[in-house]
Engineer: 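Please find one structure pasted underneath; my questions will follow.
The structure presented is a predicted model; accordingly, all values stated were derived computationally and were not measured. Throughout, protein chains are lettered first and strands after them, A, B, ... in sequence-line order, and every chain is numbered starting at 1.
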Amino acid sequence: MSIEFTPTEMMTIAAARALTNDDVCFVGIGAPSAACNVARLTHAPDITLIYESGTIGTKPDVLPLSIGDGELCDTALCTVSVPEMFRYWLQGGRITTGFLGGAQIDRFANLNTTVVGDYDKPKVRLPGGGGAPEIASNCGQIYITMALNKRGFVDHLDFITSMGHGEGGDHRARLGMKTKGPTRVITDMCIFEPDPSTKELTVVSIHNGVTRAMIEDNCGWPVRFATQQVETPAPTETEISVLRDINARTRKAHEAA
Amino acid sequence: MARVCTLSEAIEENVRDGDMLAMEGFTHLIPYAAGHEIIRQGRKELFLIRMTPDLIYDQLIGVGAARGMKFSWGGNPGVGSLHRFRDAVENQWPRPLYIEEHSHAAMANAYEAGAANLPFAMLRGYIGADLAKVNPNIKSITCPFTGEVLAAVPSIRPDVSVIHAQRADSKGNVLIEGIAGVQKEAVLAAKRSIVTVEEIVDELNPSSPNAVVLPAWTITSVVHIPGGAFPSYAHGYYPRSNAFYIAWDKIARDRDSFTAWIKENVLAGKPEDFARHVNTRAVNAV
């Protein structure tokens, strides 16, 4: 008996599954926030969610629109100042997993959220990095979630807002970083993981109903597939209902205010 | 010692043309009423400092009050672009905007260094990130003990910092609760400061001896403006108007509709207008 689900729902649920009860997770807004809270409401009830506004151990009932919604503080174990958040908690090495989204990504999981075109004369000025440059270097590992399409998955980034695996290989280590960097990229069609030695993103799991050709058509570089990929297990009834419930509560709350 | 005064007096006395101006509040407690008063008083050539420019600086940029901006994330949170900021950077409308762009960690460290009376801040940051290539104010320093190379940025020392808080007592001591952001650091780093508050009470009665309290003698002016953080929020008083943040996308996308909105809601408005956001939206009022 299979349940109907959308590609975006599959993406959020596949992203949620990457998290464990033991994670201390620095949560980006948007898709990462949905995934982290679905994890908390399903298989990882004791996960620690941290938002850069300073809220530690937060358990929001509705997803925040901004990184500092009152809901995050109301439901947090404690709330610290922003300098303390970035100094003691992030730079201090207390975060196991950072969860990021982005406007553009390349094959080594570097992210661009700054500009399309030249920095001084941009074609499109994007919001910028916010916490991402230091989240990417200071968290134990990074998960990234974003929809797979040619606008987002590009052959060349105009700007590296936050470094993933740089030029690939041991680039992170050469720059003195001791953290793992991006270990998984979860899209609405498939899951990528970096190749153990080259660090190029490689498809390891394909979602139900998606073909290799669809993945190739929506990615801006020639896609590498692992020798053996698995099919991503379809969402369970519990996962889907938890996700739809929190989305419905969130919509209602944001429209009301 | 803080002087309790009107918003018009506080802006008149503290915010000058050309100033380096920091208006802080990390999503929470953003001093919108003060931003509107700065627009009404026609301040110009400001150098704006704020981690997340948010709608408050989209408005100041859109009216042409700013010559430059130092920031770390310039979007409408959860919604999309700040269209006035984008129009200034992409099309120089209504005037060119010089930008000095950092990461959140660097800005937070730079405020803290300013409050600590240090010339610069250091952090383990910007590794492999292109911002260091385009911002000459991102440099590096070598640890004299370990040899580790760390990022260095100048401390932030605003001419004037403006924040919003829940309460002040009649002497001008200020209490901040909830998401406290970098407001304490912004005030302590600045030459002059203005705090707008939801309430002025006889006694602050902080809930804990470790509450965030700014003593009156660290503040220049305190102003009573109920609702002064709308459409941001004041924890314990009223929630964030996510609906307004969503609506702003349409208002600000177009130059004419933005200008009309400013004319109607800011130029023809007054500080007391903000109180209606508390009356109609009060939740868990303290």
Engineer: A side-chain contact here means heavy atoms from C-beta on lying under 4.5 Å apart; do B/Ile99 and A/Tyr119 qualify?
Structural biologist: yes
Engineer: What's the shortest heavy-atom distance between B/Ile179 and A/Ser53, and which atoms?
Structural biologist: CG2-O, 3.4 Å
Engineer: What verdict does the side-chain contact (heavy atoms from CB on, under 4.5 Å) test give for A/Phe86 and B/Leu123, after you've listed the backbone C-alpha separation in whole Å, the side-chain angles of each residue and the deciding distance to 0.1 Å?
Structural biologist: CA-CA 10 Å; A/Phe86 281 98; B/Leu123 65 153; over 6 Å; no
Engineer: Taking atom CZ of A/Arg244 as the centre, report whether more than 12 heavy atoms of other residues, nucleotides or ligands fall under 6.0 Å from it.
Structural biologist: yes
Engineer: Check the pair A/Asp69 / B/His28 against side-chain contact (heavy atoms from CB on, under 4.5 Å), numbers first and verdict last.
Structural biologist: CA-CA 7 Å; A/Asp69 279 22; B/His28 180 211; over 6 Å; no
Engineer: At a 4.5 Å cut-off on heavy atoms, which part of A/Glu71 comes close to chain B: side chain, backbone, both, or neither?
Structural biologist: neither
Engineer: Please report the interatomic distance SG(A/Cys73) to OH(B/Tyr233), rounded to the nearest 0.5 Å.
Structural biologist: 6.0 Å
Engineer: Could you check which of A/Leu90, A/Val124, A/Leu63 has the highest count of heavy-atom pairs closer than 4.5 Å to chain B?
Structural biologist: A/Val124
Engineer: Should the pair B/Arg124-A/Glu134 be classified as a salt bridge under the 4.0 Å nitrogen-to-oxygen rule?
Structural biologist: no
Engineer: Atom CZ in A/Phe159, atom CG in B/Leu131: separation rounded to 0.5 Å?
Structural biologist: 4.0 Å
Engineer: Tell me, yes or no, whether the heavy-atom count around A/Lys150 atom NZ, taken from other residues, nucleotides or ligands under 6.0 Å, exceeds 12.
Structural biologist: yes
Engineer: Roughly how far, to the nearest 0.5 Å, is CH2 of B/Trp73 from OG1 of A/Thr114?
Structural biologist: 12.0 Å
Engineer: With rounding to the nearest 0.5 angstrom, report the OG to CG distance, A/Ser66 to B/Asn242.
Structural biologist: 6.5 Å
Engineer: Please look at B/Leu82 and chain A and tell me whether the side chain, the backbone, both or neither of the residue comes under 4.5 angstrom of a heavy atom of that chain.
Structural biologist: neither
Engineer: Using a cut-off of under 4.5 Å for heavy-atom pairs, which of B/Gly74, B/Ser81, B/Ala110 has the most such pairs with chain A?
Structural biologist: B/Gly74
Engineer: To the nearest 0.5 Å, how far apart are CZ in A/Arg87 and CG in B/Asn109?
Structural biologist: 5.0 Å
Engineer: Checking side-chain contact (heavy atoms from CB on, under 4.5 Å) for the pair B/Ile246/A/Leu65: CA distance, chi angles, key distance, verdict?
Structural biologist: CA-CA 10 Å; B/Ile246 294 166; A/Leu65 184 68; 4.2 Å; yes
Engineer: Below 4.5 Å, heavy-atom pairs only: which of A/Gly128, A/Pro133, A/Pro83 has the largest tally toward chain B?
Structural biologist: A/Pro83
Engineer: What heavy-atom pair brings B/Ala108 and A/Val82 nearest, and what distance separates the two atoms?
Structural biologist: CB-CG1, 4.0 Å
Engineer: Is A/Ser81 close to chain B through its backbone or its side chain, or both, or neither, when contacts mean heavy atoms under 4.5 Å?
Structural biologist: both
Engineer: Sort B/Tyr111 into side chain, backbone, both or neither according to what part of it lies under 4.5 angstrom from a heavy atom of chain A.
Structural biologist: neither
Engineer: Please check if atom CE in B/Met122 has more than 12 non-hydrogen atoms from other residues, nucleotides or ligands closer than 6.0 Å.
Structural biologist: no
Engineer: Around atom CZ of A/Arg94, are there more than 12 heavy atoms from other residues, nucleotides or ligands closer than 6.0 Å?
Structural biologist: no
Engineer: CD1 of B/Ile127 to CG of A/Asn138: how many Å apart, nearest 0.5 Å?
Structural biologist: 6.5 Å
Engineer: Chain A heavy atoms under 4.5 Å from B/Met51: which part of the residue, side chain, backbone, both or neither?
Structural biologist: side chain
Engineer: With a 4.5 Å heavy-atom cut-off, do B/Tyr245 and A/His254 have their side chains touching?
Structural biologist: no
Engineer: Find the one option among B/Tyr126, B/Phe71, B/Phe26, B/Phe85 whose heavy-atom pairs under 4.5 Å with chain A are most numerous.
Structural biologist: B/Phe26
Engineer: Would you mind telling me which of B/Ala105, B/Pro77, B/Gly78 has the largest number of heavy-atom pairs within less than 4.5 Å of chain A?
Structural biologist: B/Ala105
Engineer: Heavy atoms only, distances under 4.5 angstrom: which of A/Met85, A/Glu84, A/Lys123, A/Lys121 has the most pairs with chain B? Name it, please.
Structural biologist: A/Lys123
Engineer: Among A/Ser137, A/Gly54, A/Pro122, single out the residue with the greatest number of heavy-atom pairs under 4.5 Å to chain B.
Structural biologist: A/Pro122
